[in-house]
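Data first, discussion second: the structure below is written as structure tokens.
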Amino acid sequence: EVQLVESGGGLVQRGGSLRLSCEASGFTFSSYWMNWVRQAPGKGLEWVANIKQDGSEKYYMDSMKGRFTISRDNAKNSLYLQMNSLKVEDTAIYYCARLQLEPHSEAFDIWGQGTMVTVSS
Amino acid sequence: DIQMTQSPSSLSASVGDRVTITCRASQSVTKYLNWYRQKPGKAPELLIYSASTLQSGVPSRFSGSGSGTDFTLTITSLHPDDFATYYCQQNYITPSTFGPGTTLDIK
């Protein structure tokens, strides 16, 4: 079964750090761009960052540049998000999502179940 | 960044109804527009990609159209499972951006 499973969320104080993980199974992880998307409580979806198959290219939402770092370990079929200098407004469910390989597609076809990050003041 | 808007923001309908949701981009995204359905407490699921291509396994009652800046998602004959929130997404230009969502509830 094709699956993404996030972990690492929790409660952290403002200014603290957290590292999220996303473990992939059921597909060749190293063949796909991967993404992080977040959703604040009761709000919409916000793209966070993405990373190329070999990790050579990474892109971030401006508001997270310098604070968040996306990385991957293809040998472990895992995606990571290191979050530093956390703000209360970073409180959200964080999803990892796979970029589809279909020609002419730039869609996220597989999503994890999400991991909740709560930043307290 | 490309701004995405959706209308309506909420919609009440009945099982068996046909509904249409509109998505507009602040600049052209050509055909790189995707639609997702999100049920309460669950992750989003891909319905339509490249504006009009039905994702594998998605029922044919879902369809999409449009190009450039204006897009629509149509659901014919609503099922109970379809009462959820729908998001459009452009992934033509980084950063990818999502619309604010359209919540479809039971009348």
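Residue numbers begin at 1 in each chain, while the letters A, B, ... track the order of the sequences. No experiment lies behind these values; they were computed from the predicted model shown.
The closest donor-acceptor contact from the side chain of A:Asp109 to the backbone of B:Leu46 lies at 3.5 Å or more, if one exists at all.
Put simply, the side chain of B:Tyr92 does not reach to within 4.5 Å of the side chain of A:Glu106, judged on heavy atoms.
The shortest heavy-atom contact between A:His104 and B:Tyr32 is O-CE2, 3.5 Å. Closest approach of A:Tyr95 and B:Gln38 over heavy atoms only: OH-NE2, 3.4 Å. Of all heavy-atom pairs spanning A:Trp111 and B:Ala43, the tightest one is CB-CB, 4.0 Å. Across all their heavy atoms, A:Ser105 and B:Ser50 have their closest contact at CA-OG, 3.8 Å.
Taken from OG in B:Ser56 to CD in A:Gln100, the straight-line distance is 9.0 Å, to the nearest 0.5 Å. Interatomic distance, A:Met61 CE to B:Thr94 OG1, rounded to the nearest 0.5 Å: 10.0 Å.
When the shell of 6.0 Å around CZ of A:Arg67 is examined, it contains more than 12 heavy atoms from other residues, nucleotides or ligands. For B:Arg61, the CZ atom is densely surrounded, since the number of other residues' heavy atoms within 6.0 Å is greater than 12.
Residue contact with chain A, scored on non-hydrogen atoms closer than 4.5 Å, involves the backbone and the side chain of B:Asn91 alike. Contacts of A:Ile110 with chain B are absent, with no heavy-atom separation under 4.5 Å from either backbone or side chain. If you measure heavy-atom distances from B:Lys42 to chain A, the contacts under 4.5 Å come from the backbone alone. Proximity to chain B involves both the backbone and the side chain of A:Phe108, based on heavy atoms less than 4.5 angstrom apart.
With hydrogens and angles left out, the side-chain atoms of A:Glu102 and B:Gln55 include no donor and acceptor closer than 3.5 Å.
Contacts between residues 37-56 of chain A and chain B, counted as heavy-atom pairs separated by less than 4.5 Å, involve A:Val37, A:Gln39, A:Lys43, A:Gly44, A:Leu45, A:Glu46, A:Trp47.
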